[in-house]
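Below is one structure; the comments refer to it alone.
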Amino acid sequence: MNAPILKPPIFATLGCRLNAYETEAMKELAAAAGIEGAVVINTCAVTAEAVRKAKQEIRKLARENPGAQIIVTGCAAQTEPETFAAMAEVTKVIGNTEKMQAATWANLKAPDLIGITEKVQVDDIMSVRETAGHLIDGFGRHRAYVQVQNGCDHRCTFCIIPYGRGNSRSVPAGVVIEQIKRLVDKGFNEVVLTGVDLTSWGADLPGLPRLGDLVMRILRLVPDLPRLRISSIDSIEADDALMGAIATEPRLMPHLHLSLQAGDDMILKRMKRRHLRDDAIRFCEDAKKLRPDMIFGADIIAGFPTETEAMFENSLKLVTDCNLTFLHVFPFSPRKGTPAARMPQLQGPEIKARAARLRAAGDTALSQHLTAQLGQSHRILLEGPRMGRTEQFTEVAFEADHPEGQILTATIRGTQGTRLLA
């Protein structure tokens with residue numbers, strides 16, 4: 001008699017790169033627990049639209065997988081578990097802490113009769129004092145992502161994420177470095193440091209180290225690592241060691257994604273941000289002086305409550321004033337439970353129009369960056385046989401196949417859409 005064919009669980013990830021990292025960790029935990037035939041949706045809560053998309057994805061996957069156990073987790077599950085528990089399709093709602101615990105997955109495989117049969121398993125995220133202990137070696141095919149921090153201590157008026165992720169917690173430097181050494185031994189040529197509020201790394205560790213200290217330690221203690229990249233940072237928290245690394249470490253990639261959100265001082269104050277317009281401009285100027293090939297991406301919100309046309313123009317001009325290249329534009333979406341949701345709101349069409357104007361400015365800036373690369377030589381990490389990225393994270397397409405995972409030097413001969421051609 002043939003043994004039954006086991007059906008591995010299906011995972012769907014919505015939202016940020018950290019969510020994608022944690023999905024990979026959940027795959028390992030689910031496999032170790034022997035979970036079969038389940039559907040796991042790792043949700044995002046950054047906007048009301050993100051929650052709507054999560055519910056849409058749940059219904060779609062439930063239709064495609066009749067009879068499957070539907071498990072919902074992630075930030076939206078953490079911040080509003082009752083929303084998902086009320087959905088007939090959903091079997092379990094699991095919090096952000098619980099999703100990273102082996103015991104959770106073991107109980108999903110064989111439920112404990114005492115206390116595990118409830119539909120919702122979401123504890124108080126604010127009580128969590130440690131980062132998730134489950135680290136993975138090798139998320140990404142040729143570029144590895146390493147989670148070094150989770151949570152956020154700040155309370156921006158538009159943001160629900162601290163209530164989904166908890167307060168800031170850091171992974172100790174020694175643990176990070178040992179993981180990066182393993183990744184380099186496995187053949188990864190680039191490592192990206194990720195977190196919810198990356199520049200707060202170290203504030204809860206002995207001696208209060210800063211992100212720049214971690215970067216310098218990694219580059220010193222893992223000399224065989226060709227490329228180290230930093231994901232989104234809060235520029236007002238950039239420390240002296242980080243600026244020193246930008247100036248002196250060619251293995252630190254010349255691309256920073258900045259959490260700017262707006263370019264008008266009054267709007268920044270109403271957002272409860274900790275920087276002003278001139279702070280952002282000064283940081284970009286300083287970083288560019290230290291590393292002339294540095295380029296910047298940025299998050300900017302369009303149509304924040306009370307934003308006038310003049311205030312919006314200040315955000316629009318930030319694209320030029322900060323020399324931004326890659327723009328991530330968020331049309332403002334009120335999140336229940338945040339102070340910004342109670343402020344006077346702009347009309348939807350106005351928000352949409354301003355977001356379109358910001359995106360157009362971003363498209364122009366990216367086009368100018370691509371044109372400036374013509375004839376230039378770049379070191380490119382191959383993510384596929386005919387696609388890779390420069391040190392500045394610009395996408396490059398090739399006419400012929402090349403070995404994946406390698407770093408090769410090529411001359412840029414043209415552009416195509418948002419890509420360079422080599």
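In this text the structure is predicted, and so the values were computed from the model without any measurement. One-based numbering along the sequence shown.
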Q) Do Phe158 and Gln261 come close enough that some side-chain heavy atom pair is under 4.5 Å? A) yes
Q: Using the ring of Tyr163 (Phe, Tyr or Trp, six-membered ring only), decide whether Arg155 places NZ or CZ under 6.0 Å from its centre and within 45 degrees of its axis.
A: yes
Q. Donor-acceptor pair, Gln345 side chain versus Ala340 backbone, under 3.5 Å?
A. yes
Q: Side-chain contact test, heavy atoms from C-beta onward, threshold under 4.5 Å: evaluate it for Leu256 versus Phe283 and give yes or no.
A: yes
Q: Output, in order, the C-alpha distance, side-chain angles, deciding distance and verdict of salt bridge (Lys or Arg N to Asp or Glu O under 4.0 Å) for Lys53 and Glu57.
A: CA-CA 6 Å; Lys53 285 183 178 178; Glu57 185 73 3; over 6 Å; no
Q | Between Phe326 and His255, ring centroids under 6.0 Å | A | yes
Q.
Show the nearest heavy-atom pair for residues Ala77 and Thr43, with the distance to one decimal.
A. N-OG1, 3.3 Å
Q | Heavy-atom pair with the smallest gap, counting every atom of Ala341 and Arg335 | A | CB-O, 3.4 Å
**Q.** Met343 to Arg270 - nearest heavy-atom pair and separation
**A.** CE-O, 3.4 Å
Q. Less than 4.5 Å apart, any side-chain heavy atom of Glu391 and any of His378?
A. no
Q) Which pair of non-hydrogen atoms, one from Val93 and one from Val90, has the smallest distance, and what is that distance? A) CG2-CG1, 3.8 Å
Q. Lys27 and Glu24: salt bridge (Lys or Arg N to Asp or Glu O under 4.0 Å), yes or no, with the steps?
A. CA-CA 5 Å; Lys27 287 179 182 178; Glu24 295 302 310; 3.2 Å; yes
Q) Near Glu399 CD, under 6.0 Å, is it more than 12 heavy atoms from other residues, nucleotides or ligands? A) no
Q.
With a 4.5 Å cut-off on side-chain heavy atoms, are Met26 and Ile94 touching?
A. no
(Q) One thing to verify: whether Glu249 and Arg220 come together as a salt bridge, which I'm taking to mean a side-chain N less than 4.0 angstrom from a carboxylate O. (A) no
Q) Would Asn150 and Leu18 count as a side chain to side chain contact (heavy atoms under 4.5 Å, CB included) if you check the C-alpha gap in whole Å, the side-chain angles of each, and the deciding distance to 0.1 Å? A) CA-CA 9 Å; Asn150 203 343; Leu18 186 55; 4.0 Å; yes
(Q) Are more than 12 heavy atoms, taken from residues, nucleotides or ligands other than Glu309, located less than 6.0 Å from that residue's CD atom? (A) yes
Q.
Within the structure provided, determine whether Arg251 and Leu228 are in side-chain contact (heavy-atom separation under 4.5 Å).
A. no
**Q.** Residue pair Ile300 / Leu358: nearest heavy atoms and the distance that separates them
**A.** CG2-CD1, 3.7 Å
**Q.** Atom NZ of Lys288: over 12 foreign heavy atoms under 6.0 Å
**A.** yes
Q. What do the steps show when you test Arg210 against Asp240 for salt bridge (Lys or Arg N to Asp or Glu O under 4.0 Å), and what is the final call?
A. CA-CA 9 Å; Arg210 301 293 300 275; Asp240 290 344; over 6 Å; no
Q.
Please determine whether side chain to side chain donor-acceptor pair (under 3.5 Å) holds for the pair Thr23 and Thr13, giving the CA-CA distance in whole Å, both sets of side-chain angles, and the decisive distance to 0.1 Å.
A. CA-CA 7 Å; Thr23 292; Thr13 305; 2.7 Å; yes
Q: Go through Lys336 and Glu80 one step at a time and tell me if the salt bridge (Lys or Arg N to Asp or Glu O under 4.0 Å) criterion holds.
A: CA-CA 10 Å; Lys336 183 181 177 181; Glu80 43 187 289; over 6 Å; no
Q | Side chain to side chain, Ile180 and Leu193, heavy atoms closer than 4.5 Å | A | yes
**Q.** Arg165 and Cys75: CA distance, side-chain angles, deciding distance, side chain to side chain contact (heavy atoms under 4.5 Å, CB included) verdict
**A.** CA-CA 7 Å; Arg165 288 285 178 180; Cys75 289; 3.4 Å; yes
Q: Give the C-alpha distance, both sets of side-chain angles, the deciding distance and a yes or no for side chain to side chain donor-acceptor pair (under 3.5 Å) between Asp197 and Ser168.
A: CA-CA 7 Å; Asp197 181 28; Ser168 182; 5.4 Å; no
Q.
Ignoring hydrogens, what is the shortest heavy-atom contact between Met100 and Ala25? Give both atom names and the distance.
A. CE-CB, 3.6 Å
Q | Heavy-atom side-chain contact between Asn314 and Arg277 under 4.5 Å | A | yes
Q: Could you tell me whether Arg354 and Glu350 have a side-chain N and a carboxylate O separated by less than 4.0 Å?
A: yes
